[in-house]
Amino acid sequence: MRRRFIRPLAAALTAGALVTGALAGCSSKNQVPSIGYAVDAAPVSYNGGSALGANGGAAAVFSRVLTGFFYTGPDGQPVADTDFGTAKEVPGEAQTIQYRLNPDGVYSDGAPTSCDDLVLEWAARSGRFPQFDAASTAGYADIERVECQPGSKDATVVFRPDRHFLAWRTLFNAGDLMPAHIAAQAAGIPNVVSVVQSGDRAVLDRLAQFWNTGWNLKPGGIDTKLLPSSGPYRVESFSDSDGLVLVKNDKWWGNAAKTPRIVVWTRANDLAKKIADKAVGVIDIGAGSIKDPNLTGFSIDQVPGRGAEQLVLSTSGLFASADVRRAFAACVPRQALFDKLGHPGFDVKSGQGSGPLNSRTVQADSPYYAAIVGPADKYRAGDVAAAQQGLGKTQNPTVRIGYRKPDDRRAQTVAMIADACKPAGISVVDAGAPDFAPTELGDGKVDAVLGSTAAAPGPAGSLSGIEATAALHGGQGLNFGHYGNGRYDAIADQLAADDNSTNVLNLDSEAENLLWNEMPSIPLFATPRTIAFGEGMDNGIANPTKAGAGWNMDRWVLQR
């Protein structure tokens with residue numbers, strides 16, 4: 001297998017254009033009208049801003065169905081989507097962003113896109129209305145108000161005078177901005193804006209109930225009227241037998257999708273069989289998650305992802321004590337796990353994927369990384385004696401590790417941890433299941449979740465690291481272990497606003513010392529991804545982030 005390095009977007013698209021010309025000039029191949037996309041996401045909600053929607057990989061499936069002002073590019077960076085609208089920071093005493101939606105923007109059901117969509121997203125994720133089950137309030141909680149006339153194409157977002165959010169381009173993004181007119185209809189109100197401005201608790205409760213669950217997805221049981229699209233594709237159907245079918249959205253005002261139909265096959269399907277049956281043209285899965293897949297006929301990228309493979313620990317039950325969490329971490333063989341499972345098909349000398357991951361929130365290619373990861377050294381090799389000593393009066397504990405099956409690499413991870421911890425008197429049980437959800441951690445059904453950033457089973461991570469920070473911040477939906485530390489929260493909030501290198505280094509150092517002492521999670525390595533494109537594919541560009549290979553699916557052309 002060869003590793004194809006991720007190229008800058010402009011260069012990649014140029015290369016893609018050259019490939020197109022070569023194909024057109026040297027053969028009489030025909031374009032395939034439908035492309036199968038195998039991705040190990042577990043989409044349970046259309047709403048990527050909700051905790052379960054974000055965790056399930058909505059961004060990897062719906063970024064070209066629900067568009068926004070930015071999308072996540074191949075390097076994990078936010079990239080402006082001017083087809084949807086424009087966003088610019090304007091001078092003023094308080095941080096202010098002016099948003100203008102494309103005048104031609106209209107949902108696939110005919111309703112215009114409007115600033116109502118921004119107001120709904122802000123209300124749901126601001127933290128002011130806790131009845132919304134938001135993935136994260138990062139950035140949204142710093143907004144004082146969204147100035148919007150119902151139905152308008154213009155919005156002005158004004159932040160609180162005492163706050164500044166550096167990563168403002170991560171707000172109101174693809175996969176997150178939901179159709180406010182659908183939520184308003186469900187709640188029985190004329191528009192979302194007036195209700196949010198009035199603060200009517202009873203109506204907001206109805207609005208939140210729909211936002212939380214009204215966009216849930218169940219194969220064979222979806223109502224496509226609730227799922228209008230603001231992108232080049234729309235949802236046509238969803239079933240176990242036929243997959244999640246996306247078709248060209250004729251009301252999309254930008255460049256039309258190049259392939260009429262995309263069939264998304266997810267973890268709920270037998271991806272190994274779909275690949276063997278040649279039902280897919282694009283593959284985006286955790287490296288090693290499928291045992292010995294037949295990838296003959298594919299161009300293959302083996303790359304370290306922006307997601308952090310990790311064990312998310314409960315902070316109640318067995319792991320209520322940080323002493324016991326540290327004792328368990330002491331016997332986890334992080335170096336051996338990386339050596340065997342952390343870099344399949346690639347070997348890099350520095351940065352992402354070059355060794356065990358020694359931070360939960362700072363990525364290995366950050367200039368701050370090397371200076372702050374000293375506290376991780378004692379948890380590298382697996383120390384049975386330290387684990388035994390750390391257990392104290394907790395004798396012969398059993399640790400149940402949950403994850404979404406089937407996943408051969410994660411099954412091997414659990415087995416290696418079990419073997420390493422057994423001499424310390426710690427029993428490790430594989431609690432993986434096909435329908436596993438990270439909420440089982442809070443319910444006490446498992447003691448740890450094995451997954452990527454924020455316990456995600458599939459594509460995860462971004463350059464900004466918003467999801468990684470939220471996964472440890474008190475009160476956040478992605479914080480499935482219910483970890484809470486006021487000092488960590490204050491550090492995270494300050495880092496979101498401060499780009500002074502000295503301050504960032506000091507704050508990151510303090511955070512690492514705190515987190516390795518309290519051990520709310522155990523980072524293992526950058527989650528490795530296998531991203532493969534069938535022969536004859538044009539514009540297939542690897543994106544080992546939460547956006548997945550499907551980030552530009554509307555540009556895909558497969559010729560056979």
Side-chain angles (χ1 to χ4, degrees), residues 308-342 355-362 364 369-370 372-403 409-432 441 446-452 455 468 471-472 480-485 488 509-527:
E309 191 76 359
Q310 60 187 314
L311 290 162
V312 180
L313 306 183
S314 175
T315 53
S316 59
L318 170 65
F319 286 140
S321 164
D323 290 337
V324 180
R325 297 197 296 269
R326 285 194 300 271
F328 176 55
C331 69
V332 173
R334 297 194 312 117
Q335 181 68 54
L337 287 168
F338 168 76
D339 290 343
K340 182 176 181 181
L341 305 171
L357 187 60
N358 296 323
S359 171
R360 298 154 184 82
T361 59
V362 178
Y369 182 81
I372 66 171
V373 295
D377 286 344
K378 63 186 290 189
Y379 296 101
R380 178 178 290 270
D383 187 332
V384 170
Q388 289 174 321
Q389 184 178 359
L391 285 175
K393 295 181 180 179
T394 304
Q395 294 299 307
N396 303 314
T398 296
V399 178
R400 300 159 297 173
I401 300 178
Y403 61 97
R409 190 191 72 240
R410 286 176 177 152
Q412 289 187 59
T413 300
V414 175
M416 287 180 66
I417 294 171
D419 289 344
C421 291
K422 187 176 180 180
I426 299 174
S427 297
V428 173
V429 174
D430 186 324
L441 191 63
V446 296
D447 307 294
V449 176
L450 177 57
S452 193
L472 296 168
F480 294 108
H482 301 302
Y483 172 67
N485 181 287
Y488 172 78
S509 296
E510 184 182 354
E512 285 307 319
N513 278 285
L514 187 157
L515 293 172
W516 281 105
N517 183 58
E518 299 222 325
M519 208 66 72
S521 60
I522 306 172
L524 303 177
F525 42 77
T527 305

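Heavy-atom basis, side chains included; hydrogens, waters and symmetry copies ignored. Nothing fancy with the numbering, it's 1 onward along the sequence.
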For residues 311-329, pull every pair meeting salt bridge (Lys or Arg N to Asp or Glu O under 4.0 Å), keeping only residues two or more places apart or in separate chains.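 Found Asp323-Arg326.
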Closest non-hydrogen atom pair between [X] and [Y], with its separation:
X	Y	result
Val373	Ala370	CG2-O, 3.9 Å
Pro397	Gly425	CD-O, 3.5 Å
Cys421	Val428	CB-CG2, 4.3 Å
Phe319	Val399	CZ-CG2, 3.7 Å
Val449	Ala455	CG1-CB, 3.8 Å
Thr527	Ala308	OG1-C, 3.5 Å

Nearest-0.5 Å distance that lies between atom [atom1] in [X] and atom [atom2] in [Y]:
X	Y	atom1	atom2	value
Gln388	Ile426	CD	CD1	8.5 Å
Trp516	Ser521	CH2	OG	8.0 Å
Ile417	Phe328	CD1	CZ	5.5 Å
Leu311	Met519	CG	CE	11.0 Å
Thr394	Leu318	OG1	CG	7.0 Å
Leu472	Tyr488	CG	OH	4.5 Å

With distance as the sole test, does [X] use its side chain to make a donor-acceptor pair with the main-chain N or O of [Y] at under 3.5 Å?
X	Y	value
Arg380	Arg334	no
Thr315	His482	yes
Asn513	Ser509	yes
Asn358	Ala376	no

Between Thr413 and Leu341, is a side-chain contact (heavy atoms from CB on, under 4.5 Å) present by the stated rule, with each step listed? CA-CA 8 Å; Thr413 300; Leu341 305 171; 3.3 Å; yes
Glu510, CD: over 12 other non-hydrogen atoms inside 6.0 angstrom: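 Count over threshold, so yes.
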Begin with the C-alpha distance, continue with both residues' side-chain angles, and end with the deciding distance and a verdict on side-chain contact (heavy atoms from CB on, under 4.5 Å) for Leu313 and Leu441. CA-CA 8 Å; Leu313 306 183; Leu441 191 63; over 6 Å; no
Only counting residues at least two apart or in another chain, list the ones meeting salt bridge (charged side-chain N to carboxylate O under 4.0 Å, His left out) with Glu309.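 Once residues adjacent in sequence are excluded, the partners of Glu309 under the salt bridge (charged side-chain N to carboxylate O under 4.0 Å, His left out) criterion are Arg409, Arg410.
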Do the side chains of Ile372 and Val362 get nearer than 4.5 Å, heavy atoms only?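 Of all side-chain heavy-atom pairs linking Ile372 with Val362, at least one is under 4.5 Å.
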Passes side-chain contact (heavy atoms from CB on, under 4.5 Å), Leu357 versus Leu524? Steps please. CA-CA 5 Å; Leu357 187 60; Leu524 303 177; over 6 Å; no
Should Val414 and Tyr403 be marked as a side-chain contact (heavy atoms from CB on, under 4.5 Å) after you check the CA-CA gap, both sets of side-chain angles, and the distance that decides it? CA-CA 10 Å; Val414 175; Tyr403 61 97; 3.9 Å; yes
Test side-chain hydrogen bond (donor to acceptor under 3.5 Å, both in side chains) on Glu512 and Ser359; report intermediate values, then the result. CA-CA 7 Å; Glu512 285 307 319; Ser359 171; 2.6 Å; yes
